[in-house]
4 protein chains.
Amino acid sequence: MTEDTSATPPSTGEVAAFEAGIKFGSLYHQFAGTPVSPASADSLARAMEAAIENQPHCVDVQVAIRDADLREAIAAASAEYVELTGSLLDVSMRIEYEDVTVYASMAMEDGYPLMQVDSIERD
Amino acid sequence: MTEDTSATPPSTGEVAAFEAGIKFGSLYHQFAGTPVSPASADSLARAMEAAIENQPHCVDVQVAIRDADLREAIAAASAEYVELTGSLLDVSMRIEYEDVTVYASMAMEDGYPLMQVDSIERD
Amino acid sequence: MTEDTSATPPSTGEVAAFEAGIKFGSLYHQFAGTPVSPASADSLARAMEAAIENQPHCVDVQVAIRDADLREAIAAASAEYVELTGSLLDVSMRIEYEDVTVYASMAMEDGYPLMQVDSIERD
Amino acid sequence: MTEDTSATPPSTGEVAAFEAGIKFGSLYHQFAGTPVSPASADSLARAMEAAIENQPHCVDVQVAIRDADLREAIAAASAEYVELTGSLLDVSMRIEYEDVTVYASMAMEDGYPLMQVDSIERD
């Protein structure tokens, strides 16, 4: 019988990238739906950064809630706030696992919030 | 046939209390599970207050994450952070709906986080 | 000095309405943001009902995720799923607290998901 | 000047592992905090599977809420339900990205819910 596939343990880079993915999924699904307005956006962004930086191997998180898009969404809803969604967020993170550093980010691309690994560094 | 029950529209006080309940359920289930440590607790508490104050009729929210209990939970887990639960939270709110003000709070009682209406004021 | 306001403990009806509000806020902020498609909508609606029915005094929860609006939202996003928001939900609940029954619901009104107490019954 | 690090784009395996991590973070932080009892656990587990399987590259999700631990947690709280936490969950997933399949899981290890990549297969 011929083996078509080879199963291996993950490499250090793959584990590092897995850890980075956990942080993005956590950040997004913990905070999506939070009521947000121009007045509360900054406190929310800071809390998101500090909360996710608690997670293992997560050395830096930067969150921006895009003010112009937030104001536009609020105006479109004829409301005073909206619920946080990916379309309002720019996120970047640095994850360090053993000798690997992962730089990853989330931003809008073609109208859809895309999470991606930007680059991998090895010491 | 005899009517055993009478269905009525809600009173102003009942609507005001309903609005207060919405804010407590929202606050709790939006933020429960957030990674929290002594270093990040304050930013989280401030973001929770500002987020929920966006909601209609919600004029004041005060959130405290109890530092001693947080440190104890982290030590018990041999971890550097824990996930936010009701056992770490003291919350009080003031909701104004028409001529009714609702004062409500959440705190531990018999080992369980209890949400309750403390008092109702009418102008 | 003249008192302009009178602070009283909540009535049974107000406590019942507060309890109803908690359930709506919980349901909404626990599940908003969940990935949902026509194939997964029914399992999500059933889980939402069963989860919230665990909460005290909550005797019945009915959740419908509106199929046509869900399909339209997915088509508009050129995606295969969307995140659950209030614009896709119809919810009704029955809360019983002491001798008071609260009927409450959430549905779209003027393009906005509105949570409200429909009626109050006393035995 | 000597370069100490080399920055590269992620490999296919690293992107696949990143995608797997996103699913674990999403599942955990979307559903942690949900009220759960023995009667509602199965509907919740099925909804979690179906929700996360909507996400890109996610071909299979298996969720079990451990009944004995759930009943023990409820008894310890003298309650009729508890909020879902990692200590009650076993999760396994299969993620396919291009020619790479990632098998990943979450289970308790030393009293802590550990998410990990179990193996990587290449066609």
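Hydrogens, waters and symmetry mates play no part in the numbers below; they use all other heavy atoms, side chains included. Predicted model only: the values in this text are computed from it and were never measured. Residue numbers begin at 1 in each chain, while the letters A, B, ... track the order of the sequences.
Put simply, of B/Ser26, B/Ala79, B/Ala50, B/Ala45, the one with the most heavy-atom pairs under 4.5 Å next to chain A is B/Ala50. Heavy-atom pairs under 4.5 Å with chain B were tallied for A/Ala32, A/Pro35, A/Ser37; the largest tally goes to A/Pro35.
Contact check for A/Val102 versus A/Met93: no side-chain heavy atoms found under the 4.5 Å cut-off.
If you measure heavy-atom distances from A/Ala41 to chain B, you find no contacts under 4.5 Å at all.
With sequence neighbours left out, B/Tyr81 forms a side chain to side chain donor-acceptor pair (under 3.5 Å) with D/Tyr112. Take A/Tyr28 and apply the ring pair (Phe, Tyr, Trp, His ring centres under 6.0 Å) test, not counting sequence neighbours, and it matches no residue.
Of all the heavy atoms in B/Glu49 and B/Val61, the pair that sits closest is CG-O, 3.4 Å.
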